[in-house]
*Asks:* 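Input: one structure, supplied below.
Predicted model only: the values in this text are computed from it and were never measured. These numbers come from the heavy atoms of this one structure, side chains and all, not from hydrogens, waters or symmetry mates. Positions are given from 1, in the same order as the sequence printed here.
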Amino acid sequence: METAANGLTFRDAGDSDVDALVALIESAYRGDSSRTGWTTEADILQGQRTDPEGVRAVIKSPDSRLLTVERDGRAVACCQLEHRGDHAYFGMFAVSPGLQGEGLGKVIMAEAERAVREEWGATEMHMTVISVRDDLIAWYERRGYRRTGRMTPFPYGDERFGIPLRDDLQFELLVKELG
């Protein structure tokens, strides 16, 4: 599937995209490069955000897609969409730090929501966000997501998800009805 909107091209990632997408995701969340944008987790987590195996697993999963967003032939954003029956899971969302704040996130979320509603018949979108990320949660709330108060523990000790810099991390489920 490939669609174009606002100078952006949306397509499903393939094996040849893995390295570029890992670099994009890392740049949006970890290290000094992530501080260019506002989605950085550098103050709460060090280490990696993902790795080639994690990205490849999303691409290969029969119930999952890694929606890749390109501008001028270059990956500038991505998000995971996973079909889970009557709802879809939204994850691995990254926008290139230098492009954050330009409204790309809103456009990408709208396309992701449209795709899961039309292609899978999903009636809700679910996501998990680290509960201390108040600015990010507020951004999602402005897009119609609601906090549920349902928490899951952060995987402390599993460095595939990063090295926590604080001991109060957990994930909160956010949900949006897709009318």
*Asks:* Is there a side-chain contact between Trp139 and Asp135 (heavy atoms, below 4.5 Å)?
*Replies:* no
*Asks:* Closest heavy-atom contact between Ala122 and Ala88?
*Replies:* CB-N, 4.0 Å
*Asks:* Phe10 and Val107: side-chain contact (heavy atoms from CB on, under 4.5 Å), yes or no, with the steps?
*Replies:* CA-CA 11 Å; Phe10 296 82; Val107 172; 4.2 Å; yes
*Asks:* Hey, are the side chains of Ser131 and Phe154 touching, using non-hydrogen atoms and a 4.5 Å cut-off?
*Replies:* no
*Asks:* With sequence neighbours excluded, tell me which residues meet side-chain contact (heavy atoms from CB on, under 4.5 Å) with Asp86.
*Replies:* Thr123
*Asks:* Would you say that Glu82 contacts Ser61 through its side chain, given a criterion of any heavy-atom pair below 4.5 Å between the two side chains?
*Replies:* no
*Asks:* In chain order, what residues pass the side-chain contact (heavy atoms from CB on, under 4.5 Å) check against Thr68, with sequence neighbours excluded?
*Replies:* Arg11, Ala13, Leu21, Glu70, Ala75
*Asks:* Give me the atom names and distance for the closest heavy-atom approach of Lys106 to Arg143.
*Replies:* CG-NE, 3.0 Å
*Asks:* Counting distance only, does the side-chain N/O of Gln100 pair as donor-acceptor with the main-chain N or O of Val95 below 3.5 Å?
*Replies:* yes
*Asks:* Would a hydrophobic clustering, with Ile, Leu, Val, Met, Phe, Trp and Tyr connected at side-chain separations under 4.5 Å, put Val69 with Met127?
*Replies:* yes
*Asks:* Within this structure, what is the NE2-CE distance for the pair His87 and Met125, rounded to the nearest 0.5 Å?
*Replies:* 10.5 Å
*Asks:* Have a look at Glu172 and tell me which of Arg150, Arg133, Arg147 forms a salt bridge (Lys or Arg N to Asp or Glu O under 4.0 Å) with it.
*Replies:* Arg147
*Asks:* Restricting to non-hydrogen atoms, name the atom on Gly54 and the atom on Met92 that form the minimum distance, rounded to 0.1 Å.
*Replies:* O-CE, 4.2 Å
*Asks:* Which atoms form the tightest heavy-atom contact between Cys79 and Ile108, and what is the distance?
*Replies:* SG-CG2, 4.3 Å
*Asks:* Determine the minimum heavy-atom distance between Ser27 and Pro97, stating which atoms define it.
*Replies:* O-CG, 3.0 Å
*Asks:* Are Leu81 and Val175 in one and the same hydrophobic cluster, where Ile, Leu, Val, Met, Phe, Trp and Tyr link if side-chain heavy atoms are under 4.5 Å apart?
*Replies:* no
*Asks:* Hey, is CG on Asp158 packed in by over 12 heavy atoms from elsewhere, all under 6.0 Å?
*Replies:* yes
*Asks:* Residues two or more places apart in sequence or in another chain: which of them pass ring pair (Phe, Tyr, Trp, His ring centres under 6.0 Å) with Phe93?
*Replies:* Phe90
*Asks:* Rounded to the nearest 0.5 Å, what's the gap from OG on Ser64 to NE2 on His83? Could you check?
*Replies:* 11.5 Å
*Asks:* Please list, chain by chain and in numerical order, all residues satisfying ring pair (Phe, Tyr, Trp, His ring centres under 6.0 Å) with Phe161, sequence neighbours excluded.
*Replies:* none
*Asks:* Give, for atom CD1 of Ile130 and atom CD1 of Ile44, the distance between the pair rounded to the nearest 0.5 Å.
*Replies:* 4.0 Å
*Asks:* Apart from Tyr89 itself, what residues make up its hydrophobic cluster, given side-chain heavy atom links below 4.5 Å?
*Replies:* none
*Asks:* Applying side-chain contact (heavy atoms from CB on, under 4.5 Å), can you list everything that pairs with Asp43, at least two apart in sequence or on another chain?
*Replies:* Arg35
*Asks:* So, taking the atom named CD in Glu159 and the one named CG in Asp51, what distance separates them when rounded to the nearest 0.5 Å?
*Replies:* 12.0 Å
*Asks:* Tell me, yes or no, whether the heavy-atom count around Glu102 atom CD, taken from other residues, nucleotides or ligands under 6.0 Å, exceeds 12.
*Replies:* yes
*Asks:* What are the two closest non-hydrogen atoms of Leu66 and Gln80, and how far apart are they?
*Replies:* CD1-N, 3.7 Å
*Asks:* Any salt bridge linking Arg166 with Asp168? Criterion: basic side-chain nitrogen under 4.0 Å from a carboxylate oxygen.
*Replies:* yes
*Asks:* Quick one: OH on Tyr145 to CG on Leu174, what's the gap to the nearest 0.5 Å?
*Replies:* 9.0 Å
*Asks:* Tell me which one of Glu118, Glu124, Lys176 satisfies side-chain contact (heavy atoms from CB on, under 4.5 Å) with Glu113.
*Replies:* Lys176
*Asks:* Are Tyr156 and Leu45 connected, step by step, through hydrophobic side chains (Ile, Leu, Val, Met, Phe, Trp, Tyr) whose heavy atoms are closer than 4.5 Å?
*Replies:* yes
*Asks:* Working note: Leu8 + Glu111, criterion side-chain contact (heavy atoms from CB on, under 4.5 Å); need CA distance, chi angles, decisive distance, verdict.
*Replies:* CA-CA 11 Å; Leu8 302 173; Glu111 173 61 18; over 6 Å; no
*Asks:* For the hydrophobic clusters of this structure (ILVMFWY residues joined by side-chain heavy atoms under 4.5 Å, transitively), does one cluster hold both Val132 and Tyr140?
*Replies:* no
*Asks:* First locate atom CG of Leu173, then atom OG1 of Thr148, and finally report the distance between them rounded to the nearest 0.5 Å.
*Replies:* 4.0 Å
